[in-house]
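Data first, discussion second: the structure below is written as structure tokens.
Residue numbers run from 1 in the order of the sequence given.
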Amino acid sequence: MEGRAVAPAAGTVVNALATGQGSAFAIDLETTATVELTTDGAVVGTIAGAPDADTTLIERCARRALDAVGPRAGVDPAEYGARIRTESDVPIAAGLKSSSAAANATVLATLDALDRDDAVDPLDACRLGVDAARDAGVTVTGAFDDASASMLGGVTVTDNATDDLRQRAVVEWEVLVYTPPERAFSADADADACARVAPMADLAVELALDGRYGEAMTVNGFAYCAALGFDPGPLLEALPAASGVSLSGTGPSVVAVGTSEALDAAAEEWCQRPGTVRRTRTRTEGATTG
Ligand SMILES: Nc1ncnc2c1ncn2[C@@H]1O[C@H](COP(=O)(O)OP(=O)(O)OP(=O)(O)O)[C@@H](O)[C@H]1O
Ligand SMILES: O=C(O)C1=C[C@@H](O)[C@@H](O)[C@H](O)C1
């Protein structure tokens, strides 16, 4: 009994740490999870290329999916375990929602291993991963914004306090991603500092709900660079040509959207900085099994 699923990473429109309301969009970088069910009761995860990374999140995801759907598949969750392996082109703790992609891929791969791919509605499957992320302590708000964008594709606006989807839209943007060499785990972010930019975050959410995603990103980007102590230089370098540019998640990555010409110009500037610059696109299709 083996299952496989793939889920995309995401970039930020509005970070939810200040108010609990957030917005994110799926991008064309992905994480694959394979899950093999076992009868030894143990759930064990490995992350390809990252032997020291924390596997608690994916283990909690597989366990929650087994508990939720196992009985319907004739599997006793108490007796069954799982071997999970993730492979990813998303750097961990870089602001590109590697945790949401890994959680969604693991939940769906577990359902696939149970041969019950359609047993759970996609948003509920996403909520299983969000609850697992809360259990594993890798999130501040649960990050339902990031997780829903990864699960559904497109751009989502969510209430992370209630795990409700407020809006989803299909967008087709070119995306530029700059990832500095350092890493920033979301769970370590200074939530009190973020609360100080709540009025700006409220404005950014209003803009996003109005479909003005680019402006929302830019308002969010400057506010959170200030709150979390990141250099706003890369944002300024992408402006005014980019239609939106923001710190992604709790950083350190920066994402810009706009015309090819605008992103070419930003890429030229960002390539002078240490780290990686990647060109990608938004993803309309979210997480899939198989
Ligand atoms: N590919 C992966 N496979 C398994 N677990 C992962 C993977 N990527 C991330 N994780 C889990 O998520 C944790 C990092 O979560 P964190 O939210 O800090 O990173 P992120 O999702 O990349 O950042 P952000 O939320 O700012 O976008 C890791 O410690 C690990 O437990
Ligand atoms: O851990 C969290 O709750 C979050 C982390 C970041 O990705 C944010 O962008 C997201 O809105 C919430």
Side-chain angles (χ1 to χ4, degrees), residues 1-10 26 29-93 96-139 142-144 146-148 150-153 163 185-187 285-290:
M1 295 167 99
E2 193 169 300
R4 183 178 175 279
V6 178
L29 302 175
E30 60 189 28
T31 298
T32 302
T34 47
V35 171
E36 184 196 345
L37 298 185
T38 61
T39 48
D40 61 9
V43 176
V44 181
T46 51
I47 304 175
D52 298 330
D54 184 352
T55 54
T56 310
L57 171 65
I58 53 176
E59 289 161 359
R60 299 284 170 100
C61 284
R63 176 48 73 198
R64 278 184 176 265
L66 265 175
D67 287 349
V69 175
R72 272 184 269 171
V75 159
D76 177 358
E79 283 176 13
Y80 273 72
R83 300 282 176 276
I84 315 141
R85 177 182 165 86
T86 57
E87 285 172 61
S88 184
D89 43 38
V90 190
I92 295 179
L96 300 175
K97 331 303 186 183
S98 66
S99 50
S100 300
N104 285 337
T106 302
V107 168
L108 293 189
T110 309
L111 300 183
D112 191 39
L114 289 164
D115 209 14
R116 289 291 184 280
D117 299 36
D118 298 326
V120 183
D121 155 84
L123 272 184
D124 285 333
C126 172
R127 291 184 181 105
L128 287 176
V130 164
D131 287 338
R134 291 187 175 113
D135 279 357
V138 299
T139 178
F144 184 63
D146 305 341
S148 58
S150 167
M151 183 61 86
L152 303 178
D163 293 345
F185 287 90
S186 300
E285 187 182 49
T288 50
T289 49

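Contact between A7 and A287 at its shortest, heavy atoms only, is CB-CB, 3.7 Å. Closest heavy-atom contact between A109 and A33: CB-O, 3.5 Å. A147 approaches S100 most closely through the heavy-atom pair N-OG, 3.6 Å. Residues P8 and E285 share a closest heavy-atom pair of CG-O, 4.2 Å. When every heavy atom of A65 is checked against every heavy atom of L128, the shortest pair comes out as CA-CD1, 4.2 Å. Taking both residues in full, the closest heavy atoms of V120 and A125 are given as CG1-N, 3.4 Å, listed atom of the first, atom of the second, then distance.
Here the side chains of P91 and L96 are in contact, with some heavy-atom distance below 4.5 Å. Between L37 and L66 the shortest side-chain heavy-atom distance falls below 4.5 Å. Between T139 and F144 the shortest side-chain heavy-atom distance does not fall below 4.5 Å. For the pair T110/C61, no side-chain contact is recorded, criterion being any heavy-atom separation below 4.5 Å from C-beta on. Side-chain atoms of V90 and K97, non-hydrogen and from C-beta on, never get closer than 4.5 Å to each other.
Under the side chain to side chain donor-acceptor pair (under 3.5 Å) criterion, T46 pairs with no residue, sequence neighbours left out. Under the rule for a side chain to side chain donor-acceptor pair (under 3.5 Å), R72 has no partner lying at least two apart in sequence or in another chain.
Between the CZ atom of R4 and the CG atom of D112 there is a distance of 9.5 Å, given to the nearest 0.5 Å. The distance from the CG atom of L152 to the CG atom of L123 is 5.0 Å, given to the nearest 0.5 Å. The OG atom of S98 lies 8.5 Å from the CD1 atom of I47; values are rounded to the nearest 0.5 Å.
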Inset, instruction - Determine, step by step, whether T288 and L108 satisfy the side-chain contact (heavy atoms from CB on, under 4.5 Å) criterion, reporting the C-alpha distance in whole Å, the side-chain angles of both residues, the deciding distance to 0.1 Å, and the verdict. - result: CA-CA 7 Å; T288 50; L108 293 189; 6.0 Å; no
Inset, instruction - Kindly indicate, with the supporting measurements, whether the criterion side-chain contact (heavy atoms from CB on, under 4.5 Å) is fulfilled by N104 and C126. - result: CA-CA 6 Å; N104 285 337; C126 172; 4.1 Å; yes
Legend entry - Residues D67, R64; criterion salt bridge (charged side-chain N to carboxylate O under 4.0 Å, His left out); working and verdict: CA-CA 5 Å; D67 287 349; R64 278 184 176 265; over 6 Å; no
Inset, instruction - List the steps, then state whether side-chain contact (heavy atoms from CB on, under 4.5 Å) holds for V44 with T38. - result: CA-CA 10 Å; V44 181; T38 61; over 6 Å; no
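The backbone N or O of D163 sits less than 3.5 Å from a side-chain atom of R127, completing a donor-acceptor pair.
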Just distance, no hydrogens or angles: give the donor-acceptor pairs under 3.5 Å from side chains in residues 75-86, sequence neighbours left out.
| from | atom 1 | to | atom 2 | distance (Å) |
| --- | --- | --- | --- | --- |
| D76 | OD1 | A78 | N | 2.9 |
| R83 | NH1 | A42 | O | 3.3 |
| R83 | NH2 | D40 | OD2 | 2.4 |

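Of the listed residues (D135, V138, T106), just one forms a side chain to side chain contact (heavy atoms under 4.5 Å, CB included) with L57, and that residue is V138.
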